[in-house]
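Every value quoted in this text rests on a predicted model; they were computed, and no experiment measured them.
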Amino acid sequence: MSKIRACIVCKKTSLETAVTKFYHKESEFYICSQHIPVLIHKPEELVGLLDGADELLGA
């Protein structure tokens with residue numbers, strides 16, 4: 001059985017769009033190409049979606 005690979009933001013799967021894997025706190029997650037800028041530039045939008053996302057915010 002294959003694992004579902006879905007963007008943590010929009011929930012689109014790898015059957016619908018390109019997704020890439022990233023690791024955070026010893027866990028793996030997927031994010032689509034449309035939402036990579038969120039991961040890089042707006043991590044506050046990941047609060048509630050990614051455990052510890054608030055720690056990604058700059059001081």
Side-chain angles (χ1 to χ4, degrees):
M1 185 184 265
S2 65
K3 179 181 176 186
I4 297 174
R5 294 167 177 89
C7 175
I8 63 168
V9 179
C10 67
K11 309 302 185 218
K12 288 184 181 177
T13 70
S14 59
L15 297 174
E16 301 169 277
T17 190
V19 295
T20 190
K21 184 182 346 181
F22 70 96
Y23 297 91
H24 178 67
K25 295 195 172 205
E26 302 290 328
S27 296
E28 67 181 45
F29 300 91
Y30 294 88
I31 196 161
C32 73
S33 56
Q34 178 183 354
H35 290 107
I36 288 174
V38 172
L39 182 63
I40 297 169
H41 301 291
K42 297 181 180 181
E44 64 273 9
E45 293 183 19
L46 298 175
V47 173
L49 300 174
L50 182 66
D51 185 39
D54 54 328
E55 297 171 13
L56 299 174
L57 304 174

Separation between CG (L49) and CD1 (I31), nearest 0.5 Å, reads 9.0 Å
ring-ring contact (aromatic ring centres under 6.0 Å, His included) partners of residues 24-48, not counting sequence neighbours, each pair once
F22-F29
Once salt bridge (charged side-chain N to carboxylate O under 4.0 Å, His left out) is applied, what residue pairs with a partner in residues 32-51 remain, sequence neighbours excluded?
none
Can you name the residues that form a salt bridge (charged side-chain N to carboxylate O under 4.0 Å, His left out) with E28, not counting sequence neighbours?
K3, K21
Flag yes if Y23 and L39 sit in one hydrophobic cluster, no otherwise; membership is Ile, Leu, Val, Met, Phe, Trp, Tyr, and two members link when side-chain heavy atoms are under 4.5 Å apart.
no
Just distance, no hydrogens or angles: give the donor-acceptor pairs under 3.5 Å from side chains in residues 7-20, sequence neighbours left out.
unit_1: K11; atom_1: NZ; unit_2: I8; atom_2: O; d: 2.8
unit_1: T13; atom_1: OG1; unit_2: L15; atom_2: N; d: 3.2
unit_1: T13; atom_1: OG1; unit_2: E16; atom_2: OE1; d: 3.3
unit_1: E16; atom_1: OE1; unit_2: T13; atom_2: N; d: 2.7

